[in-house]
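Labels below follow one simple rule: chain letters A, B, ... track the order of the sequence lines, proteins then strands, and each chain is numbered from 1.
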Amino acid sequence: MPELPEVEIVVRSLREDVIGRIILDIKNSWPNHLASVDLVEMRKRVIGSEITGINRRGKYIVFDLDSPDTMIIHLKMTGQLLLQPATSAEGDHVHTTFLLSGDDELRFRDVRKFGRVYLTQKPVEILGQLGPEPLSESFTPRLLNEMLLGRRRVLKPLLLDQHFISGIGNIYADESLFHAKLAPNRLSNTISEDESRQLYSSIRKTLQFAVDRGGATISDYRQPDGSEGEMQNSFKVYGKAGDPCRRCDGIIERVILGGRSTFFCASCQI
DNA sequence: ACCGGAGCCTGTTAGC
DNA sequence: TGCTAACAGGCTCCGG
């Protein structure tokens, strides 16, 4: 579900409301949610710790604690992190809960249960393989051009590869390729320098535009206060099969690439 | 190195 | 209306 913009919104919201709080208790009703240590170990190492920082790396949410441990959460397809009064009704599909000082609970709701909570003293072992952050200063047109030429892979699946660039998912890959006027089945080593520059700027603009709109709510995504994003109203191709292209007289098509639904206009994406 | 498929899970929707 | 199959924002593992 959530891609970089959605995770970024969650992180900003939690950073505002959760930093400085103490984790007082942890509950879990779906053991597979806890990826690196079980509940007993997790409680032993985390209860009593203060949350000192919250950051995003790719689609991972990284909680700094005032202990040697770092807690890392991945929402995968349907995960939500909700900050709610501890006295409020928990609702369905909440599998892991953190009771925080201030009488609020941070609730990890996750319908499909793909999400994961990691606890580690070596976060680099989880985050170290990720590709560059597309919105960071160090991600430059020149770097992207070199990265594309260094591979011979189909463009769309390559954009989804978190080792290549981190944070892009199925929606924003398609939207970025549309804005760059590039066909999703192009091979990366055939992208010209000019096309590469177009792709660079499309990725940056698309992601930043989505962040500015609070992310996209399709079914599950919510901000931690429960509110929805607006970006779903601005999609140009994602989920638009059969619709007229917004840029030319073509029709948006749906194909499968790398096992994922891919929406594009075959007339103007070349 | 890269690709395709299966697997992890449940809920919703499209099609018959 | 009711059942079944397909599909969903992610990612990892495996075999070829």
S.K.: Any side-chain donor-acceptor pair under 3.5 Å between R45(A) and S67(A)?
M.R.: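 No.
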S.K.: Side-chain N or O of K59(A) less than 4.0 angstrom from OP1 or OP2 on dG10(C)?
M.R.: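 For K59(A), the contact criterion (side-chain N or O under 4.0 Å from OP1 or OP2 of dG10(C)) is met.
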S.K.: What's the CZ-P distance between F164(A) and dG10(C), to the nearest Å?
M.R.: 17 Å
S.K.: Does the distance from a Lys or Arg side-chain N to an Asp or Glu carboxylate O, for R197(A) and D194(A), drop under 4.0 Å?
M.R.: yes
S.K.: Measure CZ/R260(A) against P/dG5(B) and give the value in whole Å, please.
M.R.: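 After rounding, the reported distance stands at 14 Å.
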S.K.: When the P atoms of dC9(B) and dT4(C) are compared, how many Å lie between them, rounded to an integer?
M.R.: 23 Å
S.K.: Does K236(A) pair with D174(A) as a salt bridge, N-O distance under 4.0 Å?
M.R.: no
S.K.: Under 4.0 Å between a side-chain N/O of N32(A) and OP1 or OP2 of dC9(B), yes or no?
M.R.: yes
S.K.: Regarding H33(A) and N28(A), is there a side-chain donor-to-acceptor distance under 3.5 Å anywhere?
M.R.: no
S.K.: Using 30° and 60° as the class limits, which term best fits the ring planes of Y172(A) and F235(A): parallel, tilted or perpendicular?
M.R.: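 Perpendicular.
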S.K.: Take the protein atom CZ of R109(A) and the nucleotide atom P of dC9(B), then report the distance between them rounded to whole Å.
M.R.: 18 Å
S.K.: For atom C1', what is the distance between dT10(B) and dT1(C), given to the nearest Å?
M.R.: 23 Å
S.K.: Among dA8(C), dG10(C), dG9(C), which is the nearest nucleotide to the side chain of R254(A)?
M.R.: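 In terms of side-chain proximity for R254(A), the closest of dA8(C), dG10(C), dG9(C) is dA8(C).
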S.K.: So, do F114(A) and dC8(B) meet the stacking rule of ring centres under 5.5 Å and planes under 30°?
M.R.: yes
S.K.: Taking atom C1' in both dG9(C) and dC2(B), what distance in whole Å separates the two?
M.R.: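 It works out to 24 Å between them.
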S.K.: Suppose you measure atom P in dA6(C) against the same atom in dG5(B); what distance do you get, rounded to whole Å?
M.R.: 14 Å
S.K.: Taking only side-chain N and O atoms of R151(A), does any of them lie within less than 4.0 angstrom of OP1 or OP2 on dC2(B)?
M.R.: yes
S.K.: Donor-acceptor pair, D66(A) side chain versus E50(A) backbone, under 3.5 Å?
M.R.: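 At least one qualifying donor-acceptor pair exists.
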S.K.: Is there a donor-acceptor contact under 3.5 Å linking the side chains of R254(A) and S261(A)?
M.R.: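 Distance-only check passes for R254(A) and S261(A).
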S.K.: Rounded to whole angstroms, how far apart are CZ on R222(A) and P on dG9(C)?
M.R.: 17 Å
S.K.: L160(A) CG to dA8(C) P: how many Å, rounded?
M.R.: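 The distance from CG of L160(A) to P of dA8(C) comes to 13 Å, rounded to the nearest Å.
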S.K.: Is the closest basic N to carboxylate O distance between R12(A) and E8(A) below 4.0 Å?
M.R.: yes
S.K.: Does the pair R57(A)/E133(A) count as a salt bridge with the N-to-O cut at 4.0 Å?
M.R.: yes
S.K.: With Watson-Crick and G-U wobble geometry limited to distances under 3.5 Å, how should the secondary structure of DNA chain C be encoded in dot-bracket form, using | for bases paired to another strand and [ ] for crossing pairs?
M.R.: .|||||||.|||||||
S.K.: When all nucleic acid strands are considered with a 4.0 Å heavy-atom cut-off, which category describes G169(A): base, sugar-phosphate, or nothing?
M.R.: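 Sugar-phosphate, no base atom in range.
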S.K.: Nearest whole Å is fine: how far is dC13(C) P from K76(A) NZ?
M.R.: 10 Å
S.K.: Ignoring backbone atoms, test whether Y238(A) places a side-chain nitrogen or oxygen under 4.0 Å from the OP1 or OP2 oxygen of dG9(C).
M.R.: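 Yes, within the criterion.
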S.K.: Enumerate the protein-to-nucleotides 10-12 of chain B contacts in which both atoms are nitrogen or oxygen and the separation is below 3.5 Å.
M.R.:
residue, atom, partner, partner atom, Å
dT10(B), OP1, K113(A), NZ, 2.9
dG11(B), OP1, H93(A), NE2, 3.3

S.K.: Quick check on dG10(C): is either OP1 or OP2 less than 4.0 Å from any side-chain nitrogen or oxygen of H74(A)?
M.R.: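 Checking dG10(C) against H74(A), no side-chain N or O comes under 4.0 Å of OP1 or OP2.
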S.K.: Is a side-chain donor or acceptor of E175(A) paired with a backbone partner of V237(A) at a separation under 3.5 angstrom?
M.R.: yes
S.K.: What's the closest nucleotide to the side chain of S261(A) if the choices are dG10(C), dC2(B), dA8(C)?
M.R.: dA8(C)
S.K.: Check this one for me: any side-chain N or O of Q162(A) less than 4.0 Å away from OP1 or OP2 of dG10(C)?
M.R.: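 No, outside the criterion.
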S.K.: May I have the distance from L155(A) (atom CG) to dC2(B) (atom C1'), rounded to whole angstrom?
M.R.: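 The distance from CG of L155(A) to C1' of dC2(B) comes to 15 Å, rounded to the nearest Å.
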S.K.: Please determine if R204(A) forms a cation-pi arrangement with F139(A), meaning its NZ or CZ atom is less than 6.0 Å from the six-membered ring centre and no more than 45° off the ring axis.
M.R.: no
S.K.: Whole angstrom is fine here: how far is it from CG in D110(A) over to P in dG10(C)?
M.R.: 14 Å
